[in-house]
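I have placed the structure first, in the form of structure tokens, so that the comments after it can refer back to it.
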Amino acid sequence: MKHLAVFASGSGSNYEAIENAFLDSNKEGCCVSLLVSDSPNAFVLERAKKFNRETFVFNPKNYENKEKYEKDILDRLIKHDIDLICLAGYMRIIGDTLLEAYQGRIINIHPALLPSFKGKNGIEDAFDYGVKVFGVTIHYVSKEVDGGKIIAQRAIEYYGNSLQELETYIHEIEHELYPETIKKLIKGN
Ligand code: GAR
């Protein structure tokens, strides 16, 4: 059985999509074991309650530096025998402590077709730029923000003028593509 940890800072709709995809953990050979959040008030924690999921919630301000809190996270990852870390709206740069311990085993979802529109507002930035082909990228995490080798992408054309509508379409793609990609990775390894 493979064990996943999901890291999230906000709403957690992608976290929930991953949980739902692995409800039958025996069939999938994989289960979500831990949710990590850097934000004690994040809605993702409400979602985690529905799944009785163990969580590790930390406040970075309570630590001297990134190395210290990442060591704390790492202890939990080891305790839960985590094979793969899935970042799902985790709005922090992963530091050397986690990158070295989980090299090649940390993935991220980004709501744009990388390498375009990196950063926190991928959908809005692409919309403001006026592009007509939008999409979602799943990639390995490296030292560079929203960098790292691309694993999967899915594109849609959008000619409308509602950012909200576009966001809905992008999130629909995310909720399909992320679990699908995790399943492929798990089976491949
Ligand atoms: C998602 O759209 C994800 O792609 C994005 O944060 C959102 C989290 O939503 N991540 C990034 O922008 C990473 N640069 P969620 O909390 O509802 O899953």
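Fair warning: this is a prediction, and the values are worked out from it, not measured in the lab. Both counts, for ligands and for their atoms, begin at 1 and track the order of listing. Sequence positions, counted from 1, serve as the residue numbers for this chain.
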Contact check: [X] vs ligand 1, nitrogen or oxygen atoms, below 3.5 angstrom:
{"X": "Met91", "answer": "no"}
{"X": "Tyr15", "answer": "no"}
{"X": "Glu174", "answer": "yes"}
{"X": "Gly10", "answer": "no"}

Under 4.0 Å between a side-chain nitrogen and a carboxylate oxygen: does that hold for [X] and [Y]?
{"X": "Lys68", "Y": "Asp72", "result": "no"}
{"X": "Glu19", "Y": "Arg47", "result": "no"}
{"X": "Asp96", "Y": "Lys66", "result": "no"}
{"X": "Lys50", "Y": "Glu16", "result": "yes"}

Relative to the ring of Phe127, is the ring of Tyr158 parallel (under 30°), tilted (30 to 60°) or perpendicular (over 60°)?
->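 Rings of Tyr158 and Phe127: tilted, 30 to 60°.
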Give the ring-plane orientation class for Tyr90 versus Phe58, where under 30° counts as parallel, over 60° as perpendicular and anything between as tilted.
-> tilted
Using heavy atoms and a threshold below 4.0 Å, how should the contact between Asp146 and ligand 1 be classified: side chain, backbone, both, or neither?
->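 Just the side chain.
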Close aromatic pair by centroid cut-off 6.0 Å: Tyr169 and Phe134 |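 Tyr169 vs Phe134: aromatic centres not under 6.0 Å.
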Heavy atom of [X], distance to ligand 1 below 4.0 Å:
{"X": "Glu16", "result": "no"}
{"X": "Ser9", "result": "no"}
{"X": "Gly12", "result": "yes"}

Run the numbers for me: atoms of ligand 1, each under 4.0 Å from some heavy atom of Ser11, listed by number.
->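 This gives 16 (O), 17 (O) as the contact atoms.
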Under 4.0 Å to a heavy atom of Gly89 - the qualifying atoms of ligand 1, by number =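 Every atom of ligand 1 under 4.0 Å from some heavy atom of Gly89: 6 (O), 8 (C).
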